[in-house]
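As structure tokens, the structure follows; a few thoughts come after it.
Every heavy atom of this structure was used, including side-chain atoms; hydrogens, water molecules and symmetry mates were not. Chain A is the first sequence line, chain B the second, and so forth, proteins listed ahead of strands; every chain is numbered from 1.
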Amino acid sequence: MGNRIIFHIDVNSAYLSWEAVHRIQHGETLDLRTVPSVVGGDPETRHGIVLTKSIPAKKYNIQTGETIYSAKAKCPELIIVPPNYGLYMQCSRAFGDILREYSPLVEQYSIDEYFMDFTNMGRLYTDPVETAYKIKDRIKEELGFTVNIGISTNKILAKMASELKKPDKVHTIFPYEIADKMWCLPIEELFMVGRATAKKLRSRAINTIGALAHADLKMIRLFLKSHGVLVWNYANGNDISAVRENRRTMIKGIGNSTTIPFDVEDATTAHLVLLSLTETVASRLRQTEYCARLVSVSLRTNEFYSCSHQRKIASAIDCTNAIHEVACELFDELWKGEPVRHLGVRVSELCRNDFMQLSLFEKDYEKQRVVDRTIDSIRERFGPDAVFRSSFLNSGVRFRSGGTVDDEEYPMMSSIL
DNA sequence: TCTGGGGTCCTAGGACCC
DNA sequence: TCTGGGGTCCTAGGACCC
């Protein structure tokens, strides 16, 4: 196996860029990217954090994930726009379609990132770097937003390369360039080194990616276990994982969680929120033609204490009511009576729903499944709000939280590239 | 006017069995 | 009565990504 050529393509300030382009296309004269601005949630409903910042906003030291409140304090004239996930899905798709013109082997890693295997494309295209510039400029011209492209011989180096200088840039980190371009960077810049790992490494005087690369692997393994081996390899540019089309990969779980605009203080309201979360989870589960054997509920209190509770169930299910019933049991066992800020429902241990085994005691589940499917098809034809349970009337609880992903699903990123 | 939501993977401890 | 170890399954929590 010869050397590979891998591209990593990353949208610059994705949500914000996409919103800016959308506004310009609809006659807006101000380009959000040229002023301090962020995409962020609404503090009124307790969703007030920064999701994406413009480059001018970055100059005010505004960080992704910080509160809108503190971002405004750093820059009073900051423009805040709400997220629009439907738009992002469209942009993401259009972006991927262009990439697939350059190689058949394209992997979507997240809503705004793709890997592309350019090995063997040399017969069609003169030079990878030259082609990367072409792709970048085409995306800018046709779709209106800029990307960074990183090029190397594997995924980790391509990804690290695309993170170098932004925006609208092409970078390479070929193996012979690792020392010059990557080892000087602070340790937290390395993929998979988050706050906890950075702290542990820095406490042992490992402050740069280069220092980690040169550290003794046995020592790293001793205090960071398998994760240490992973990041040590990344620091050395070692990665043999393949770019894989994300059609066939098994989805592991489906979840929906929400921060409630008010503190929930009674079980009845909590159960209603769980129902709204379960409606989304269960309909997505049925849409993907899976059943689940594990249900978990997570909870965050008004004091930001988080905990979770899960249970394996006897036979796999996909009914809204059945999942909701388990979720309520789990909540009742978990909840100690504190005011609840956030609730989540997640199903996992999925299996195909075609050869479902139903025990005799669960025979009315068949009827229930027919009801679910009927409701699913009504919502498909007339919109998600066409039917909802009367228990939500005047409850102050949104009857369906989160969104169903109506386009084809792509599996989310994992730590192993 | 405080702190999102969607994922994946790993680890540790206890139960249980041989 | 005591001492043991290995294997699997289950659960909770933590770390990381975007």
Side-chain angles (χ1 to χ4, degrees), chain A residues 8 10-11 13-15 38-52 63-73 76 78 80 82-83 85 88-89 92 108-114 155-156 159 162-163 188 190-200 224-231 234 246 249-261 277 280-281 284 293-313 330 333-334 341-350 401-405 409-417:
Chain A
H8 181 255
D10 192 328
V11 179
S13 314
Y15 292 179
V38 297
V39 174
D42 179 7
E44 291 275 319
T45 57
R46 314 205 286 190
H47 288 68
I49 65 153
V50 173
L51 298 168
T52 312
Q63 309 284 334
T64 299
E66 79 174 301
T67 59
I68 295 292
Y69 174 79
S70 110
K72 260 186 175 166
L78 186 70
I80 298 148
Y85 293 100
Y88 308 155
M89 296 297 291
S92 178
Q108 182 157 24
Y109 183 65
S110 72
I111 196 156
D112 69 332
E113 285 176 55
Y114 286 85
K155 289 167 93 176
I156 182 65
K159 182 155 169 62
S162 73
E163 303 282 312
E188 31 281 297
L190 183 62
F191 177 68
M192 288 309 290
V193 175
R195 224 183 26 220
T197 307
K199 197 177 162 201
K200 287 179 194 165
L224 288 180
K225 311 281 170 66
S226 65
H227 190 249
V229 179
L230 181 83
V231 293
Y234 285 170
N246 20 17
T249 48
M250 254 275 257
I251 174 170
K252 300 284 169 43
I254 296 171
N256 190 199
S257 65
T258 190
T259 293
I260 306 139
L277 294 165
T280 316
V281 167
R284 287 178 56 202
R293 284 200 60 201
L294 186 67
V295 180
S296 27
V297 164
S298 61
L299 171 165
R300 177 143 66 229
T301 70
N302 63 341
E303 294 181 310
F304 268 77
Y305 167 76
S306 301
C307 54
S308 66
H309 193 27
Q310 66 182 50
R311 177 140 58 232
K312 210 161 181 170
I313 48 188
L330 289 166
E333 290 164 12
L334 185 61
R341 177 192 177 88
H342 173 108
L343 282 171
V345 174
R346 154 162 288 274
V347 294
S348 49
E349 301 210 357
L350 308 183
S401 45
T404 48
V405 186
E409 304 259 341
Y410 55 86
M412 275 300 166
M413 53 269 161
S414 76
S415 53
I416 315 304
L417 291 173

Run the side chain to side chain contact (heavy atoms under 4.5 Å, CB included) test against [X] and tell me which residues pass, sequence neighbours left out.
X	result
A/Leu294	A/Gln310, A/Lys312, A/Ser348, A/Glu349
A/Thr67	A/Tyr69, A/Ser70
A/Lys72	A/Ile80

Syn or anti for C/dC2, please, going by whether the chi angle lies within 90° of 0. anti
N or O in side chain of [X] less than 4.0 angstrom from [N] OP1/OP2:
X	N	value
A/Asn256	B/dG6	yes
A/Arg341	B/dC2	no
A/Thr67	B/dT1	no
A/Arg284	B/dG6	no
A/Thr64	C/dC18	no
A/His342	B/dG5	yes

Partner set under side chain to side chain donor-acceptor pair (under 3.5 Å) for [X], not counting sequence neighbours:
X	answer
A/Ser162	A/His8
A/Lys199	none
A/Thr259	A/His342
A/His47	A/Thr45

Pairing residues for A/Tyr85 by the ring pair (Phe, Tyr, Trp, His ring centres under 6.0 Å) criterion, not counting sequence neighbours: A/Tyr15, A/Tyr88
Determine the contact category for [X]: base if any of its heavy atoms lies under 4.0 Å from a base atom, sugar-phosphate if only primed atoms, P, OP1 or OP2 are that close, otherwise nothing.
X	value
A/Glu66	nothing
A/Lys225	sugar-phosphate
A/Gly41	nothing
A/Gly65	nothing
A/Thr197	sugar-phosphate
A/Ile68	nothing

Looking only at atom P, what distance separates C/dC18 and B/dC2, rounded to whole Å? 29 Å
Say we look at B/dG4 and C/dC17: how far apart would their C1' atoms be, to the nearest angstrom? 15 Å
Output field dot_bracket for DNA chain C (Watson-Crick or G-U, both distances under 3.5 Å, | for other-strand pairs) contains ....||||||||||||||
Identify the pairs formed between an N or O of the protein and an N or O of nucleotides 13-17 of chain B at a distance under 3.5 Å, and give each distance.
none

Could you report the tightest heavy-atom contact between A/Ala73 and A/Pro76, atom names first, then the distance? O-CD, 4.4 Å
Report, one pair per line, the protein and nucleotides 9-11 of chain C atoms (nitrogen or oxygen only) whose separation is under 3.5 Å.
unit_1, atom_1, unit_2, atom_2, d
C/dC10, OP1, A/Lys312, NZ, 3.3
C/dC10, OP2, A/Lys312, NZ, 2.5

Please state how far atom CG in A/Leu343 lies from atom C1' in B/dG5, giving the value in whole angstrom units. 14 Å
Can you measure A/Asn246 atom CG to B/dT8 atom P for me and round it to whole angstrom units?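 Interatomic distance, CG of A/Asn246 to P of B/dT8: 13 Å.
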Mind checking salt bridge (Lys or Arg N to Asp or Glu O under 4.0 Å) for A/Arg293 and listing every partner two or more places apart, or none if nothing turns up? none
Is A/Phe304 stacked on the base of B/dT3, meaning ring centres closer than 5.5 Å and planes within 30 degrees of each other?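 Base of B/dT3: stacked against A/Phe304.
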